[in-house]
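Notes follow the structure.
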Amino acid sequence: MINITFPDGAIKSYESGVTGLDIAQSISHKLAKEVVSVKVDDQVWDAHRPIVKDAKIQLFTFDDREGKDAFWHSSAHIMAEALEFFYPGIKLGIGPTVENGFYYDVDLPEGATLTDADFKKIEDKILELSRQNNPFIRTEVSKEQALKTFTDKGDEYKLELIKDLEDGTITFYQQGQFTDLCRGPHIPNTAYIKAAKILNIAGAYWRGNEKNKQLTRVYGITFPKQKMLSEYLEQLEEAKKRDHRKLGKELDLFTFSSRVGMGLPMWMPRGAQLRERLENFLKKVQKDFGYLPVITPHIGNKDLYVTSGHYAKYGADSFQAIHTPQEGEEYLLKPMNCPHHCEIFKARPRSYKDLPIRFAEFGTVYRYEQSGELHGLTRVRGFTQDDAHIFCRPDQLKEEFLKVMDIVLYIFRVLKFEDFSTQISLRDKDDRSKYIGSEENWEKAESAIVEAVNEKGIEAVAEYGEAAFYGPKLDFMVKDALGRKWQLGTIQVDYNLPERFELEYKGADNSMHRPVMIHRAPFGSMERFVAVLIEHTAGKFPLWLTPEQCVVLPISEKYNEYAKKVSNLLENYDIRSFVDERNEKIGKKIRDNELMRIPYLIIVGEKEENDQTIAVRKQGEGDLGVMSAESFAKMVQEEIDKVLVFNQI
RNA sequence: GCCGAUGUAGCUCAGUUGGUCAGAGCAGCUGAUUUGUAAUCAGCAGGCCGUGGGUUCGACUCCCUCCAUCGGCUCCA
C-alpha cells in the first residue's frame, strides 16, 4: 500500500500501482471520466500511469491548464498520425501545445501540398482515429533504441532532437499505429477527443532559425465536447469584431494607402483627436514629474547613428540614407530619439546639481520593418514614441526608475489595462555578440532593473535575449483581442550611450562624471497604444478620451434649431458635442450613433423644446430620462473626474 | 524577408464547368416623408472584377509576374 496526499492535505492509502484515474474513480465516477492528467509530486503524469510510491497528487481535467496541455499535446500526436496517413513519408518536427490548441511542424514529402482545402479531411481523420479509442502507451527507451527507430523512419528532425537528449530520460508514446518521441504526459486514450478543428497553416523555420529549412506548421484545436468547439469559434468571431483594423475603419480613426506606402498610417480627424488627447494627458503627468519638453528633427546626420551604434546594428536593414547635393553627405530618417537627446544634453556643461534632467518628446521615428511583420497600427514603419530620456547620477538611478514605473502603472490604471504582464528583458545567455558595451555596465544595468522591480513588489518574468542592443529593459506587455502579446510601455537602463556620446557632468568633487540614461516610453508608441486601446474597449473609449462625447438628435428637422442650441450650450460646458441633422427617423439616428460608439445621445423634440430639457440616452445602456442640460453637464464632468484624478498617482 | 491564403462599387459580400454575370445590401446623391429611443419609402449614380503579361475564338473565372492585405515564422533600436 502507498499513501497518496491530496491537495487539501488529506491522505489516503491505495494499492501500489494505482493510477490517477483509479484515484479519481474512488472519488467520483464523473471526475474519473474527466481526469486527463495528474501531478505526482512535482511532475505532471499520464492519468493512467501507475504510481508506485507515496506521493502528493493533484488531478487535472480539461478545465485546468495542465489538463489542456495533456489533451492538446495528445491531439497533436493524433493529428500527426492523420497527416502520416495522407502524406506517407512526411517528416515530423515538434508538436507542442499553445495557449489555444496545438501545432505540429512537418516537412511534407517532395511535391506534396497542404492547403485550407485539406483541413476538412484531416479533421475527419483525427475524429476517426480518436473514435478508435486507442490508449496512449508510454515506453522508456534507450537513446540507442530511439536513434534506431527514427533512423529507420528516416526522420532527421527527430534524430536531431534525440541527439540533444540524455540517455535514460527518453520516452516514446504510442497510440494506434503511431509512435512519437515524447516526454508526455498524455490523456488515457484517444476517445476523449470529440471535436477537432484545423485552424491554419504557416511556414515555420526548423528550431526557429531563419537559416534552417522552413517547415509547414499546422495549427489545430480539439475539445472533449463538440459544444466547446463551437463556443470557441464563436468567441474567435467576437474577438475579430474588436480588431483595431476593422474598428479603425468603421470609426474613422486611421487609414493606410499603398500610395503613401505600406506601414505608414494616417490619422483621420477622429483618430487624431483621440491621439492628441492621450498625448496631452501624458504631457500633464510628465510635467508633474519634472520632465522638460524638447523637439528634435526627423532626420539626423549618418554620423550621429554611427556614434550611437544604431548604424552598425541596423543601417543595412533601415530606410536608406538621404543624400544631399553635398558630395558624401548622408542623412538618415531617425529611428530613435535618444541620439538627438544626448546631443541636447551635450549642448552645454551640466552640473551634478542639474541632475536628473528629463527630456521628453513625442518623437516620430521611422524603421524599415520587414514587410511580413507589418500589422495594422501595432507594427508600422513610421510611428511616434512617447519618448523621454532621463540623465541622472548613478546614485539617482533607482529612484528615477521607480518614478517611471509609477507613471506607467498610473497610465495603465487610468486606462483600465489591468491584464498586463511585466517582463525583464535581458541579454541572450549564449550570444553576447549582439550587444554593445562592457560586461560591467550590462551587469549594473540589469541589476538596477531587477532591484527596482523587487522594490516595487511587482511580478515580472525574466526573458533572455529580449534586451535592446545597448541595454536591458523592463517591458509592459498587453494582449490584443486575439491574444497576441504586444510590448507597450518600456523602461530601459543604459550605461552605453552616455559613454559613446561622452556625456559628462561636473560632480561635487569638481571632476567630470558620466551620467546614466533611462530611456522610457509609457505608451510605447501612440500607434500601438491606440491599437490596443481600441481592442480593449471595442471602440467604446473612456468619456474623457473619446472624440465626441455626445450627439444631439432632433426628433425631426423641426427641432434642428433647438438641437443646435443644446449642442452649443453643452460646448460651453466643455462637452464635445455635435448635432445629427440628417433627415432620418430617430431610430435610425440612434442606431448609427450607437454604432459610432458615441457615449451619450441627447434626444430632443417637441416636449424637450417646450420644457427646455434634454432626453439622455447612454451608449449601450439606453434611456436615462429627461434632465436639464446643466445637470447632464455635471453628470458628465463627474464621470470624467472619477477616472482622471491626477493626484492619485 | 520566408511559408500559406486572399484581392469584384466607399463598406460587407454574390458571381455555377471560361460564353449577355458585371450583381445585391448598406453608405452616397435626388425626391417624398417630419418622424419619440438600434435600419421610412422611391429613384439615381457608382466597378481598368488589385496590376502587368500569357493561354483561348472568347477570361472576373485558367497560368505566370508584381502590388497590397490576412494568418503564422523570423525580426522588432
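When the nucleotides B/C3, B/U34, B/G36 are ranked by their closest atom to the side chain of A/Glu557, B/U34 comes out on top. Closest to the side chain of A/Arg528, out of B/G4, B/C76, B/C3, is B/C76. Side chain of A/Thr115, nearest nucleotide from B/G1, B/G4, B/A38: B/G4. When distances run from any side-chain atom of A/Lys588 to the nucleotides B/C76, B/A77, B/A27, the shortest one goes to B/A27. Residue A/Ile586 places its side chain closer to B/U37 than to any other of B/A77, B/G1, B/U37. In the set B/U34, B/C75, B/C73, the nucleotide with an atom closest to the side chain of A/Lys558 is B/U34. Closest approach to the A/Glu608 side chain among B/G36, B/U40, B/A77 is made by B/G36 (side chain taken as heavy atoms from C-beta onward). If you check B/A38, B/G72, B/C76 against the side chain of A/Arg379, the one that comes closest is B/C76. Relative to the side chain of A/Lys249, the nucleotides B/A68, B/G71, B/C11 differ in distance, and B/C11 lies closest. The A/Ser371 side chain lies nearest to B/G1 when the options are B/G71, B/U37, B/G1.
A salt bridge between A/Glu609 and A/Lys565 is absent, with no side-chain N of the basic residue lying under 4.0 Å from a carboxylate O of the acidic one. The pair A/Asp592-A/Arg582 meets the salt-bridge criterion, since a charged nitrogen lies less than 4.0 angstrom from a carboxylate oxygen. Look at A/Arg270 and A/Glu250 and you find no salt bridge, because none of the NZ, NE, NH1 or NH2 atoms lies under 4.0 Å from a carboxylate O. Taking a cutoff of 4.0 Å between a charged side-chain nitrogen and a carboxylate oxygen, A/Glu156 and A/Lys91 qualify as a salt bridge.
Atom C1' of nucleotide B/A77 and atom CD of A/Gln370 are separated by 14 Å, given to the nearest angstrom. Atom-to-atom, OH of A/Tyr103 to C1' of B/G4 comes out at 17 Å; the value is rounded to the nearest Å. Between A/Asn200 atom CG and B/U69 atom C1' there is a gap of 16 Å when expressed in whole angstrom units. In this structure, the CG atom of A/Asp580 is 16 Å from the P atom of B/G36, given to the nearest Å. Rounded to an integer number of Å, the gap from A/Asp252 CG to B/G10 P is 15 Å. The interatomic distance linking A/Phe256 (CZ) with B/C70 (C1') rounds to 14 Å, in whole Å. Computed from coordinates, the A/Glu210 CD to B/C75 C1' distance equals 7 Å when rounded to whole Å. Taking atom CG of residue A/Asp116 and atom P of nucleotide B/G71, one finds them 14 Å apart after rounding to whole Å.
Geometrically, A/Lys121 engages A/Phe86 in a cation-pi contact defined by less than 6.0 Å to the ring centre and at most 45° from the axis.
A stacking contact between A/Tyr219 and B/G72 is absent: the pair does not combine a ring-centre distance of less than 5.5 Å to the base's six-membered ring with planes differing by less than 30°.
Base contact: A/Lys607 has a heavy atom under 4.0 Å from a base atom. Among the protein residues, A/Gly622 comes within range of no part of the nucleic acid, since none of its heavy atoms lies under 4.0 Å from any strand. Within 4.0 Å (heavy atoms only), A/Lys585 reaches at least one base atom of the nucleic acid. A/Arg217 comes within 4.0 angstrom of sugar-phosphate atoms only, judged by non-hydrogen atoms across all strands, and of no base. Across all strands shown, A/Ser318 has heavy atoms under 4.0 Å from base atoms, whether or not it also approaches the sugar-phosphate. In this structure, A/Glu606 reaches the bases: a heavy-atom distance under 4.0 Å links it to at least one base atom across the strands shown. A/Gly587 comes within contact range of the sugar-phosphate backbone alone, with a heavy-atom separation under 4.0 Å but no base atom that close.
Using modelled atom types, one finds no donor on one side chain facing an acceptor on the other under 3.5 Å when comparing A/Lys607 with A/Thr613. Donor-acceptor pairing under 3.5 Å is recorded for the side chains of A/Thr364 and A/Thr384. Of the N and O atoms on the side chains of A/Glu527 and A/Thr378, not one donor lies less than 3.5 Å from an acceptor on the other residue.
Nucleotides B/U20 and B/A27 place their C1' atoms 29 Å apart, quoted to the nearest Å. For the C1' atoms, the distance from B/A24 to B/C64 is 33 Å, rounded to whole Å. Of the C1' atoms belonging to B/C49 and B/C41, the separation is 32 Å, rounded to the nearest Å. Spacing of P atoms, B/G58 relative to B/G43, comes out at 40 Å, to the nearest Å. Distance check on atom C1': B/G71 versus B/G10 gives 26 Å, rounded to whole Å. Nucleotides B/U6 and B/A42 are separated by 37 Å at their P atoms, to the nearest Å. For B/A14 and B/G47, the C1' atoms lie 15 Å apart once the distance is rounded to whole Å. Straight-line distance between the C1' atoms of B/U37 and B/C29: roughly 28 Å, to the nearest whole Å.
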### Message
Test side-chain hydrogen bond (donor to acceptor under 3.5 Å, both in side chains) on A/Gln549 and A/Ser577; report intermediate values, then the result.
### Response
CA-CA 6 Å; A/Gln549 293 167 320; A/Ser577 160; over 6 Å; no

### Task
Mind running side chain to side chain contact (heavy atoms under 4.5 Å, CB included) on A/Val552 and A/Phe578 for me, showing each step along the way?
CA-CA 6 Å; A/Val552 185; A/Phe578 68 103; over 6 Å; no

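Near RNA chain B, meaning a heavy atom under 4.0 Å from it, residues 479-494 of chain A has A/Arg484 in order of number.
Not a single donor-acceptor pair under 3.5 Å links the side chain of A/Asp428 to the backbone N or O of A/Arg432. At distances below 3.5 Å, at least one donor-acceptor pair connects side-chain atoms of A/Asn593 with backbone N or O atoms of A/Lys589.
Remark on RNA chain B: of its neighbouring residues A/Lys434 and A/Arg582, the 5'-side contact belongs to A/Arg582, judged by nearest-heavy-atom nucleotide. The residue among A/Ala204 and A/Glu466 whose nearest nucleotide of RNA chain B lies closer to the 5′ end is A/Ala204.
An OP1 or OP2 oxygen of B/C70 is reached within less than 4.0 angstrom by a side-chain nitrogen or oxygen of A/Arg245. When the side-chain nitrogen and oxygen atoms of A/Tyr470 are compared with OP1 and OP2 of B/A77, none of them lie within a distance under 4.0 Å. Within the 4.0 Å cut-off from OP1 or OP2 of B/G71, at least one side-chain nitrogen or oxygen of A/His375 is found. Between B/C73 and A/Arg207, no contact under 4.0 Å exists linking OP1 or OP2 to a side-chain N or O.
Side-chain contact between A/Phe119 and A/Ile201 is present, with at least one heavy-atom pair separated by less than 4.5 Å.
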### Query
Under a cut-off of 3.5 Å for both distances of each Watson-Crick or G-U pair, what dot-bracket string does RNA chain B give, using [ ] for crossing pairs and | for inter-strand pairs?
(((((((..((((.....[...)))).(((((.......))))).....(.(((..]....))).))))))))....

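Taking the six-membered ring where the residue is Trp, the centroids of A/Phe319 and A/Tyr368 are separated by under 6.0 Å.
With hydrogens and angles ignored, a donor-acceptor pair closer than 3.5 Å exists between the side chain of A/Arg617 and the base of B/A38.
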